[in-house]
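Heads up, the thing below is written out as structure tokens.
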Amino acid sequence: MAVLEITGLTKIFGSGRLEVRALDKVSLAIQAGELAALMGPSGSGKTTLLLCISLILEPTAGSVVFDGETIYQDGWTGLDVRRRRREKIGFVFQAANLIPFLTARENVLFPLNLVGLDKKAAERRVRELLDYMEIAERSHYLPALLSGGEQQRVAIARALANRPKLILADEPTASLDTARGQKVMEMLKKIARENQTAVITVTHDARMIEGFDQIYHLEDGRLKNQV
Amino acid sequence: MDLAIRDLKLHKGRFLATIIGVGMLFTIVLTMNGIYRGNISDGIAIIAHTGPDLWVVERDRGGPFNEQSSMSEFFHYSVAAVPGVQKASPFIYYPVERQIKGESRRFSIIGYDVFGGMGGPRQLTQGRAINQAHYEMVAHAKLGLKLGDQVPLGLHTFTVVGLTREAVATDGEALVYLSLADAQEILFQRDNEAIRNQRLRLRHSLTQEGLSPAQADKLLPAVQPDTHLVNAILVQLAPGANPAQVAKHIEDWLYFSVFTTAQEIQLVIRGRLARMSSQLLFFRVLLLIVSAVIISLVIYTFTMEKIRSIAVMKLIGAPNLVIVRMIMEQSLFMTLSSFLLGLLIIHSIVHLFPRKILLLPPDTLLTFAVALLGGIIASVLGIWQVLKTEPAMALGGQ
Ligand SMILES: Nc1ncnc2c1ncn2[C@@H]1O[C@H](COP(=O)(O)OP(=O)(O)O)[C@@H](O)[C@H]1O
Ligand SMILES: [Mg+2]
């Protein structure tokens, strides 16, 4: 079963002469454990697509079915999208976007607290994730004291915390050097394979997408020759 | 994991600077509470401590503390004769500024009947009460006099026989107790030149009215101004006497105004002290508003600085409540810390003030409640920012 299925998704910004058709009838489906890359030139609608998929931005038309629930069907269907985000979707950004006043450990703990996991289980999960991301020895540092690559790994640990069905990553390697970028991509692959998590990642860098299951090309809001 | 505190920890410097600044504002507010209470406490101390059942004063005057009141001393015999009155004593109270030990000092003189009359000091810290008709004084310890000190006042020199801390004058300054006659003398005593001038003027007026110089000289002693004046007559009621009834009796028969001690206190609070009270209240309200505005601005900048984090929190699904609570907690924590600092400062400097600062727990509690309310209002600006932040802001480049 597809974790995510979008059909005819359209997003129009503005109106009249200022109208921008950022997404134009985009349809795609992604299965559990599948690794998908989203590519395309700047301004082609990649971020907009992620925002619509992640239930943050309201589409203009089309439908979004996520984990068996119809979230959008020519209008919000009234489900609590924020709850679904914190329980079922993990986010990785271009910049790590860690909360600067929380340590690495606490940044990972934050989403676990949001879903009300008990203290012991949460602690265990945090340790497990930081080990998994090979960042355990830096767990008590504030983000400012971590390198870009380390921050990004903490961010991935945070995204994984609640065992999401779907991970959305917007240019997660853009601010890293090749070696570190490669490492982050390896991590994402590992996650998809080992946890049966669907991963959609936006990237510019063709070298990063070796071994991906699907590669989508966006241009002017339209999907092109799916590979 | 407390988000509010963790964020403040990262901005220790600014946080501390804010609570020091706002803490000092709270110190001023608390000081003003104390000045207000201190002024009232000082303002009514002499009335409360003298505490007769009734004050008889000049008709239609709120005397002798709120207004001047002047009456002939001998009326205390008439008052004593009113049914229900057990005892009536003459009483003098007036502020002066005189040299004490070579320094010009403000204080108030109380003149009372030292032989069994009311109005004298009841508790002495040292020495004894006045037991001679003349030239002895009991002074408030504030004046810095010692037992046995010789103090020239007017034409005579007085010996300090007792010290007290019982009450202060309505303006918070020291009290000096003298015998009635001594107080009258200091109040009315003129030097010889002034007396001669006055006699000449009176004599002139009389001869202008058609009297011969010999007749005028004969009349002169009778038309001299009366110096046997007092400011009030203190009344002690007979057991079981009805104060209102006795008061009415005195007012009707003797053409005076009569107040109970409670009424006398109210006269001063509504009169002399009222302006000061509203002045201080107004100022305190202003300061509390300033405190709230400062905290509000600091919270707002704190919030704006972490707006991206707030977008991230929303994006990963944090309910608004979690974020709003963080802002609110910061505001309240800042208010609370500032208030505690203010409280600490005022309690460590309260003894340094020259005038009485009376800190009452209910005042402090009320100020705290108002401050807390200010803290809640101060977080509104930040919370409004939180609510309108788009989670989409977290995505995309820096
Ligand atoms: N909030 C917005 N308001 C108006 N236009 C927008 C907004 N967000 C994106 N766009 C427009 O939509 C198009 C796609 O943008 P975006 O999804 O950010 O592209 P990408 O991430 O591929 O660079 C662009 O033309 C952009 O200007
Ligand atoms: Mg983008």
Side-chain angles (χ1 to χ4, degrees), chain A residues 42 46-58 80-103 105-116 119 122-123 126 142-144 155 158-159 161-162 164 168-171 174-175 202, chain B residues 1-16 18 298-331 333-334 379 382-383 385-398:
Chain A
S42 185
K46 303 183 297 294
T47 297
T48 305
L49 181 56
L50 285 194
L51 287 171
C52 286
I53 292 173
S54 58
L55 325 176
I56 289 167
L57 206 58
E58 183 172 3
D80 180 351
V81 292
R82 230 188 258 197
R83 193 180 125 205
R84 278 158 185 78
R85 281 212 300 274
R86 67 175 168 262
E87 289 175 353
K88 295 180 179 176
I89 304 180
F91 292 91
V92 182
F93 312 94
Q94 176 177 342
N97 270 346
L98 296 175
I99 297 168
F101 48 86
L102 300 182
T103 61
R105 193 188 129 268
E106 290 163 336
N107 264 283
V108 181
L109 193 57
F110 183 68
L112 293 168
N113 284 348
L114 287 182
V115 298
K119 222 177 145 174
E123 284 298 341
V126 169
L142 287 176
R158 178 176 68 183
N162 287 323
L168 298 171
D170 194 4
E171 306 192 33
S175 53
V202 171
Chain B
M1 158 171 63
D2 188 68
L3 297 174
I5 305 291
R6 308 313 296 271
D7 182 32
L8 290 181
K9 257 189 177 167
L10 200 62
H11 299 102
K12 264 185 236 107
R14 198 155 15 121
F15 171 64
L16 283 177
T18 306
V298 172
I299 288 293
Y300 181 75
T301 53
F302 272 134
T303 307
M304 288 314 283
E305 271 171 28
K306 54 176 176 288
I307 209 75
R308 199 177 168 89
S309 292
I310 288 169
V312 170
M313 289 180 190
K314 283 184 158 191
L315 187 94
I316 64 182
N320 280 341
L321 186 67
V322 169
I323 310 169
V324 166
R325 209 182 65 193
M326 167 175 75
I327 307 296
M328 181 80 86
E329 277 176 6
Q330 287 187 337
S331 185
F333 186 67
M334 230 177 254
S379 61
I383 287 171
Q385 276 302 322
V386 167
L387 294 180
K388 73 171 205 182
T389 299
E390 292 288 344
M393 200 187 140
L395 248 81
Q398 294 276 44

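Lettering follows sequence order; numbering is per chain, from 1.
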Residue part contacting chain B, namely of Arg84(A), when any heavy atom lies under 4.5 Å:
neither
Under the salt bridge (charged side-chain N to carboxylate O under 4.0 Å, His left out) test, residues paired with Lys314(B) that sit two or more places apart:
none
Minimum heavy-atom distance Gly317(B)-Leu114(A), with the two atoms named:
C-CD1, 4.1 Å
Applying a strict 4.5 Å limit to non-hydrogen atoms, the region of Leu142(A) in contact with chain B is side chain
Starting at CD of Glu390(B), measure out to CG of Leu57(A) and round the result to the nearest 0.5 Å.
8.0 Å
Part of Ile99(A) lying under 4.5 Å from any heavy atom of chain B:
both
Worked verdict on Phe101(A) versus Leu3(B) for side-chain contact (heavy atoms from CB on, under 4.5 Å)
CA-CA 8 Å; Phe101(A) 48 86; Leu3(B) 297 174; 4.1 Å; yes
Is there side-chain contact between Phe110(A) and Met313(B), with at least one heavy-atom pair below 4.5 Å?
yes
How many angstroms lie between CG in Leu315(B) and CD1 in Ile89(A), if you round to the nearest 0.5 Å?
9.0 Å
Could you check which of Arg86(A), Arg82(A), Arg83(A) has the highest count of heavy-atom pairs closer than 4.5 Å to chain B?
Arg82(A)
Expected output: side-chain Asn97(A) to main-chain Val312(B) donor-acceptor under 3.5 Å
no
Taking side chain as everything from C-beta outward and backbone as N, CA, C, O, which of these in Pro100(A) sits under 4.5 Å from a heavy atom of chain B? Side chain, backbone, both or neither.
both
Sequence neighbours left out, what passes salt bridge (charged side-chain N to carboxylate O under 4.0 Å, His left out) with Glu58(A)? Give chain and number order.
none
Point-to-point distance, once rounded to the nearest 0.5 Å, from CZ of Phe93(A) to CZ of Arg308(B):
8.5 Å
